[in-house]
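Below, read A as the first sequence line, B as the second, and so on, with proteins coming before strands; counting in each chain starts at 1.
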There are 2 protein chains.
Amino acid sequence: MGKHVTLDDVARAAGVSRATASRSLNNRIGVREDVRRNVQKVAKSLGYRPNQAARTLAGGSSSVIGLVLGSAGPRSYSYEAVIVQEVAKAASESDLGLLLVADALAPSQGVRNLLSDGLVSGVVVSVVATRNQWVNELLAADIPSVLIGQGESESPIRTVEVENLESSAEVVGHLLDTGCRRVGTITGPLNRYDAAMRYRGYRLAHERRSLEVDDSLVFEGDFDRDRAYELAAPLLDQNPDGVFGANDQSALAVYRRAIERGLVVPDQLSVAGFDGSFADAYVSPRITSMVQPFREIARGAVGALIEVMGGSNDVSSQYIDPDIFFGDTTR
Amino acid sequence: MGKHVTLDDVARAAGVSRATASRSLNNRIGVREDVRRNVQKVAKSLGYRPNQAARTLAGGSSSVIGLVLGSAGPRSYSYEAVIVQEVAKAASESDLGLLLVADALAPSQGVRNLLSDGLVSGVVVSVVATRNQWVNELLAADIPSVLIGQGESESPIRTVEVENLESSAEVVGHLLDTGCRRVGTITGPLNRYDAAMRYRGYRLAHERRSLEVDDSLVFEGDFDRDRAYELAAPLLDQNPDGVFGANDQSALAVYRRAIERGLVVPDQLSVAGFDGSFADAYVSPRITSMVQPFREIARGAVGALIEVMGGSNDVSSQYIDPDIFFGDTTR
DNA sequence: TTGTATGCGTTATCAA
DNA sequence: TTGATAACGCATACAA
């Protein structure tokens, strides 16, 4: 049954010492090639599998990384779900396991310890969870970490994220260039870097066209769909002919409110968002949006983390450009 | 900096042996109450955090469970994403970490080893990944495991899943009871238990009303949206007045194809699905469906796994009833 | 190139 | 109730 084959067994069966066996299996130098081959053959035939706990304890490193997400709730599934999948894949491709913490807002004590105490040798933290006591402690600890989406913040941490400023300017520019003259926005929480940048992009698009922003068309949301739905009411009262939602959920909420008021989209109102949730959807509406390059972001984050775990002190920010998706909520 | 406080440090500072310190911190019996309290106080003030690797190695148990998913691709996000989130939360609530394997179809060797070799003391496997060489090996190993969605299969493994048969009969019954007389279906892959049961439910609904099933209205899909879209063409050629998609993605595909043909839903064609992806959606269409009780399933699975890890030999199947959601694709 | 011996931090098994 | 001490399985500095 639970007859765990140990390194000792392999060594004995191969007629070598544990050290040589270890070296052989880990492809370390200093082993005669035929010996190595033999050890590996014996190991395989014996069904040897190195005990991860022992390996971690002895070696100091663990081949498991953590992924910390905020999990604001069902609404953020579309975003975080993809991040999870892609990071998991990227990690797997590098033979790294992924320890998922989906409730960074209030993780249990036990789970906290898992991250900071040996089992995990590095963490990828999604910005969604950043402004949080525990997360800050985690980042302050000496565990290698990479941020997704934080931007060039005060904290000197390696970061990978979508390019927010120019991208937002691009999609808002599309609204303006297709005839919209009163373009409103529902922003994300402006104390968050990405939200702030998207808002700046919104203004930038206007500036470049020498257009004024009517501040009565600007509402600060929090990336939450239902909150955006609330804000859509006063926003639509201002009679905009275009709206930029800082994420697709916000844009969707505006769209819905508009439809309920009998507005025709995009004839009377254009709507654009950010994320690209509907770029490959069978549902309606398919919102014009900037498509987040999730795969590249995930790969970039894992790659960066591997570098940091390897000792790199690079704390640069890497920006990845999204593509625009023309849905049917804009002309 | 990396001044790892060890159990030894705590013991010394508290003036006791490592053994006593360990017992105190783990709330084991056989320690004088005041001693225990003191040790715990010292540990906290020193910022002691038990090394998980060492704990696992010495104790044999690991406080980390694995979650294995198939990750068929973007289309299954809606289903698997929720499973991931809920399982992660349920695990966290029990102070268990979650090691996610999202590519059960072809996990890297390193990741495989993580699961079976010490780091993880139990696994939750989603049925999506079941018919797979590696997964079968994993389940055959002596690691405690629980299946989500497998049903009463040949393998004697504890299972938690949604009730498929009666639920499908219920939603198909709704189609029939609202006037549909030619109800077709796009099934899941029928070699899968859940798909087979939903198909049986489809037939059962007819039987109970003494209605015949027109087999030319039955098409075997694979839960994939694009495949369903293909099949929708010949299905609609048969002029059904109702369609049951075995999952919401399939139903959605049928809906789209119907719209493209100029059919009016639900007046000329009713569409129902299974999963409840649109029960709380701002998008259109909101498909009538059975809402999967994901939270209960996740909680049930984790709870069951904890029992199995505790030594339970119970290999029963637990069925959780979904609720019907009346969307706007049926009358 | 190989083997020996020690350490990793904890839990568990014994005596005391 | 406590305290030495032996596992746990592996990696590695050091010696051969």
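Of all heavy-atom pairs spanning B/Gln52 and B/Ser63, the tightest one is OE1-OG, 3.8 Å.
Look at A/Ser17 and you won't find any side-chain N or O under 4.0 angstrom from OP1 or OP2 of C/dT4.
A 4.5 Å side-chain heavy-atom check between A/Arg23 and A/Val16 finds every atom pair outside the cut-off.
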Treating primed atoms plus P, OP1 and OP2 as sugar-phosphate and everything else as base, which nucleotides of nucleotides 7-16 of chain C get B, S or - for protein heavy atoms under 4.0 Å?
BBBBBBB---
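Side-chain atoms of B/Asp8 and B/Thr6 form no donor-acceptor pair, as typed in the model, at a separation below 3.5 Å.
Ion pairing between a basic and an acidic side chain is recognised when a charged N comes within 4.0 Å of a carboxylate O; A/Glu296 and A/Arg299 show no such pairing.
Judged by distance alone, with hydrogens and angles left aside, the side-chain atoms of A/Arg36 form no donor-acceptor pair with the main-chain N or O of A/Ile29 at under 3.5 Å.
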